[in-house]
Amino acid sequence: MPTGTPSHRSRRRPAAGTAVRASRVSREEGTRAVTPRGLGPPAVFVGRKQELQRLSTLLRKVRTGVVYGLPGVGKSALVAAVAAKHRGPVVHRRIAPGDTLDAVVDDARRLLREAPVAQALSDDSRLEDLARELEARRALFVLDDLHVLRPEERLALVEGLSGRLRHGALLATSREEVPRHAASPDRFELRLDGLPEAAAKLLWRQLDTLYGAREGFAAAWARSRGVPFLLRRAHANDADVEEPVRAALAALPPDERHLAAVLALSELPLPASALRDVLPGEAAGEALRRLGARLLVETDARGRHGVHDLVREAFQTLLTADEARAAHEALLCLLEREPLPEVVRVRAMCRHLQALGRHEQRRTFIVEQAEALVRQGAAGELLALLGSLPPALRTPDVGLARARAQVRLLDLRRAYSELLELRASLGDAEDAALSEQVGTVLVRVALFSLELDACERTLGAMPMPRDAEVFLQQLLAWAALRFFQGRLDESLEMLDAAGTASEDKRVLGWCAYARALMCWIEGRDEGLEEPLSQCLSLLEGAPLNSRGPLVAAMSAGILSRLGRFTQAQAALDGARERLGELGAPRLALELDCIAALVLGERGERRAALAGLREVAGRAEQGGYLFIHHLSRVGAGRMLLELGRRAEGLALLEEAAAAARARGAEGLARAAEAARSSDVLRQVERPSAVEPREVRPGVAARQRALAALAAATAGDSVRAEGLLASLEPLARGEDFALERALAHLSRALLHRLSERAGEARGSLEAAARSASEGAADPELIPELARTLASLRVVTSHGSRLAVEAPAAASDAVVLDARDHALRAGGQTVSLAKRVLPRRLLYALARQPGRTLSKEACVRAMWEADYDPRLHDNALRVHVRHLREMLEGTGARLVFEDPGYRLEVPRGFAFVRDEPGAS
């Protein structure tokens, strides 16, 4: 495969931070992508045919490998030869002294995407993201000099990727073997030794062809043990010197020495065009040619110049302080002009400024570049650079940059603490603009952290803003603060006043956004539609900044609350896309919270619960207590909807108490409002079914509750109709409780029809369904007791109830619980009249229906009817009952073959329901 025309100065590897991509060809053509330029073997690469074949074969089978061996043995050249055959993209990074795992992995992520990346909050998350990109692109990540990392970082990188790669690949070089553990994912390791003598002779002949014939192969072979770098040095006539590299460098004339020093102190490969100004006139080009002829400078396939690590290490020990200073000065000048990735440029320039002792200039440069580093997903690196400044240079603008980086890294607790100290340290004479910026960031962080007192003090101390954007930020902060404090109406008045006083679309749009968000959290669904429409229309096409995705995310939450799931999903997708360009963990946390709440509205309760718990954990760890609270409230509601009452109520109680402890009464009210999802509360309220309801969870719950109410009232026709409409909705683990409520409804209908066996079977089915959804074991028995502790028989039929009907003046209540007949303000006790009350109870169970003499006798004496024994006694007790009923409006009528009880409209017979317990 073509690799471009190799130069006789071809370098063993490309420099740190090289991304090369295979040519994109259509799948229809089916042609093989050309080899990426910039990561090819040196022009003289011989004697490694077997190793090359073996390494290529292993990499196809196991997607992670490490090539290790002595310095100069040709590890990087071998890996570059393998990479040259890779069909997909190739990303290369050389690890330099001082590099950390996060910097290496983040550089690779940026190179793969050729764009900024999302800020990672942990090494595991950044490794996961890198693995995902490598997999998606089927890319090869080449990592040189793995041994430079700390041992634990080497292991984390290799094992963190090797356990995740199936299509992408990692190929690393190292001077040391990477240790394995019993649980280490599969990877291969290849130890590279010196060339065998035949291959070494072939290399020598190739060098003869390029640089002219040399004698002394035998001595060179004996000294080098086949190490290609040492063979090259021997061919350059250093064979008889104890330390050939140092000797060759020490003998350089001044121009070549200066140019070599620049390359040795640069961690980046440099093109000839960049090196042109290092020496006057055409001297740089001539010096490069002579250094290449001495094999002290190498050139990669992209035409960039650098030095081998052994040359670099040797030369750095030879340089005088003045020579090092001149080289760093030259590098600063050329790095300012060289087109480089922002993070790479900042990192390199800071290193050279630090080496020159220009700490004040370095401080200014870092602060100026802070926003760019954060935008690139390098907030952690920014913190490290700021932390490397001497204490005397940690000025307020450094403190502000630190706080902003900490917010980006979702370390709000530390940001809040440092911002408080920073604001306290700013005197009246300090820069007003800086003071305003510190106050603005502090207000935002205090709101996130629910430090409401500090937020109010800071807002109150800030002067009236002259800038329109600062005014808008302060307005929104005041409105949010009042809402958190439980003063929603006051907050809405502030927004209305601002909207009335302004014609600015942004002000009006953000006021509508704030109103919609607060009403959504408060549960005022009737007030959502209008501000949402205003917000979306007024802020359409808003610039891509930290607030842009919030509009889409918030609208997704509200749209799902309104049942408009297609629009909600489109809004979520749009927010995800915009968030991918911003890469802000705080926004990702907010979006993940809202996405989980949307799942809940769609009836995916278990997935929503898992998502909300995960977000709550991340938010608590980062100190983002507002999202922590919102996630916990959502999780509590999901637990209640799933029937896990004990856990859900406890979580909501904790959330409300924590909010009140911080003065956030408004958020505490949101936790209290979530209790409305408790099924025991829901059965106490009138149940209505909205036919147009499209939210699966709400629609299913409405029908289940309405069916329960109908069954309790004895309306079997309505109950059965509701249960039939519920069945297609209540499928899957998320709706186990609704299925349990349906079985409970049938159990109640069976009870009212005196079918004890069927009632028991339906109750058992209800318990099984509830168990499938992990509902509390006592929930179904408690619901049964709540709904059906009493049976009430009226002139219209039977129903189940919790309380006896209220005693109206014209009511006739026969209460079997205390054996009393109440009518017209009078009470007749049946406590000592056992046989008459037994007969009355039997008749009252079915008012208006005739009870045969046989049934009357069984009710009174639990015996078979015998006219000779029972007729006279029965007539006596009937006469007593008629006397007791006199004046109540109820009467006992004989109708062959028995008796019936005729009752007035206000009659009620109340008795305990045996099956309720």
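Hydrogens, waters and symmetry mates are skipped; everything else that's a heavy atom, side chains included, is used. None of these values were measured; they are calculated from a predicted model. One-based numbering along the sequence shown.
- Within the 4.5 Å cutoff, the side chain of R701 has no heavy atoms near those of the E693 side chain.
- Ionic pairing of E665 and R669 is not present here: no N-O contact between side-chain nitrogen and carboxylate oxygen is shorter than 4.0 angstrom.
- Contact check for W478 versus V443: no side-chain heavy atoms found under the 4.5 Å cut-off.
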message: Is there a salt bridge (charged side-chain N to carboxylate O under 4.0 Å, His left out) between D129 and R126? Walk through the geometry before answering.
response: CA-CA 5 Å; D129 182 74; R126 57 175 44 94; over 6 Å; no
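- The pair R347-D106 does not count as a salt bridge, with every side-chain nitrogen at least 4.0 angstrom from each carboxylate oxygen.
- Within the 4.5 Å cutoff, side-chain heavy atoms of L528 are placed close to those of R561.
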- prompt: What do the steps show when you test S560 against L597 for side chain to side chain contact (heavy atoms under 4.5 Å, CB included), and what is the final call?
  reply: CA-CA 9 Å; S560 68; L597 293 172; over 6 Å; no
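- Note that CD of E620 is 6.5 Å distant from CZ of R413, once rounded to the nearest 0.5 Å.
- At least one side-chain heavy atom of V346 sits less than 4.5 Å from a side-chain heavy atom of L385.
- Inter-residue side-chain proximity for L591 and L572 is flagged as met; some heavy-atom pair is nearer than 4.5 Å.
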query: For L639 and R613, what are the C-alpha separation, side-chain angles and deciding distance, and is it a side chain to side chain contact (heavy atoms under 4.5 Å, CB included)?
result: CA-CA 11 Å; L639 287 166; R613 281 178 159 168; 4.0 Å; yes
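- Of all the heavy atoms in M518 and L488, the pair that sits closest is CB-CD1, 3.9 Å.
- Residues F448 and F626 place their aromatic rings such that the two centres sit no closer than 6.0 Å.
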message: Working note: Q406 + Y416, criterion side-chain hydrogen bond (donor to acceptor under 3.5 Å, both in side chains); need CA distance, chi angles, decisive distance, verdict.
response: CA-CA 9 Å; Q406 286 160 351; Y416 174 69; over 6 Å; no
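- Relative to the six-membered ring of F484, R662 misses at least one condition, a distance below 6.0 Å or an angle of at most 45° to the axis.
- Under a 3.5 Å cut-off, the side chain of R394 and the backbone N or O of L389 do form a donor-acceptor pair.
- More than 12 heavy atoms of other residues, nucleotides or ligands lie within 6.0 Å of CD in E418, so this atom counts as buried by the packing criterion.
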task: Please test L612 against M638 for side chain to side chain contact (heavy atoms under 4.5 Å, CB included), starting from the C-alpha separation and ending with a verdict.
output: CA-CA 9 Å; L612 288 165; M638 289 301 103; 4.2 Å; yes
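- Taking all atoms of both residues into account, the shortest heavy-atom contact from V598 to A556 is CG2-O, 3.7 Å.
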task: Step by step, work out the side-chain hydrogen bond (donor to acceptor under 3.5 Å, both in side chains) result for R681 and S676.
output: CA-CA 6 Å; R681 287 193 177 191; S676 63; over 6 Å; no
message: I'd like to know whether R660 forms a salt bridge (charged side-chain N to carboxylate O under 4.0 Å, His left out) with E672, so could you lay out the CA-CA distance, the side-chain angles of the two residues, the decisive distance to 0.1 Å, and finally the verdict.
response: CA-CA 12 Å; R660 288 196 173 96; E672 295 294 341; 3.7 Å; yes
Pair S502-D504, side-chain hydrogen bond (donor to acceptor under 3.5 Å, both in side chains): steps then yes or no: CA-CA 6 Å; S502 176; D504 188 331; 5.3 Å; no
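- Comment: E647 engages R644 in a salt bridge, judged by a side-chain N to carboxylate O separation of less than 4.0 angstrom.
- Using a cut-off of 4.0 Å between Lys/Arg side-chain N and Asp/Glu carboxylate O, R576 and D573 are scored as not salt-bridged.
- Side-chain N or O atoms of S631 include none that pairs as donor or acceptor with a backbone N or O of H628 at under 3.5 Å.
- Within the 3.5 Å criterion, the main-chain N or O of E690 finds a donor-acceptor partner in the side chain of Q702.
- Counting heavy atoms from C-beta outward, E133 and R109 have side chains that stay 4.5 Å or more apart.
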task: List the steps, then state whether side chain to side chain contact (heavy atoms under 4.5 Å, CB included) holds for V374 with R404.
output: CA-CA 9 Å; V374 168; R404 283 176 165 159; 5.9 Å; no
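- Atoms CG and CD, from D678 and E684 in turn, are 8.5 Å apart once rounded to the nearest 0.5 Å.
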- prompt: Checking salt bridge (charged side-chain N to carboxylate O under 4.0 Å, His left out) for the pair R564/E529: CA distance, chi angles, key distance, verdict?
  reply: CA-CA 11 Å; R564 291 150 60 177; E529 187 81 52; 2.5 Å; yes
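- Taking a cutoff of 4.0 Å between a charged side-chain nitrogen and a carboxylate oxygen, R675 and E653 qualify as a salt bridge.
- C350 and R362 get closest at one heavy-atom pair: O-CD, 3.4 Å.
- The two residues T458 and G439 make their nearest non-hydrogen contact at CG2-O, 3.8 Å.
- At a threshold of 4.5 Å between non-hydrogen side-chain atoms, the residues F565 and P696 count as touching.
- Annotation for L642 and E733: closest pair CD2-O, 4.5 Å, computed over non-hydrogen atoms.
- Partners of D734 under the side chain to side chain donor-acceptor pair (under 3.5 Å) rule, at least two apart in sequence or in another chain, do not exist in this structure.
- The pair R506-E469 counts as a salt bridge, with a side-chain nitrogen and a carboxylate oxygen less than 4.0 angstrom apart.
- Under the 3.5 Å distance criterion, the side-chain polar atoms of S555 are matched with a main-chain donor or acceptor of A552.
- For the atom pair CD of E490 and CZ of R482, the computed distance is 5.0 Å after rounding to the nearest 0.5 Å.
- When side chains are defined from C-beta on, L705 counts as touching V679, because their heavy atoms get closer than 4.5 Å.
- Side-chain atoms of R632 never come within 3.5 Å of backbone atoms of L652 as a donor-acceptor pair (strictly under, hydrogens ignored).
- Under the rule for a side chain to side chain donor-acceptor pair (under 3.5 Å), the partners of S122 that lie at least two apart in sequence or sit in another chain are S125.
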task: Verify salt bridge (charged side-chain N to carboxylate O under 4.0 Å, His left out) between E601 and R637, making sure each step is shown before the conclusion.
output: CA-CA 11 Å; E601 298 291 355; R637 183 163 70 89; 3.6 Å; yes
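- The salt bridge (charged side-chain N to carboxylate O under 4.0 Å, His left out) pairs that include a residue from residues 621-630 number zero, where partners must be two or more places apart or lie in different chains.
- A salt bridge is absent between E135 and R132: the closest approach of a Lys/Arg side-chain nitrogen to an acidic carboxylate oxygen does not fall below 4.0 angstrom.
- Nearest heavy-atom pair across L382 and A401 is CD2-O, 4.3 Å.
- Within a 6.0 Å sphere centred on CD of E360, heavy atoms belonging to other residues, nucleotides or ligands number more than 12.
- At distances below 3.5 Å, not a single donor-acceptor pair connects side-chain atoms of Q485 with backbone N or O atoms of G666.
- Rounding to the nearest 0.5 angstrom, the gap separating the SG atom in C511 from the CG atom in L476 is 6.5 Å.
- Within the model, atoms CD of Q376 and CD of E371 stand 11.5 Å from one another, a figure rounded to the nearest 0.5 Å.
- Note that CG of L447 is 11.5 Å distant from CG of L625, once rounded to the nearest 0.5 Å.
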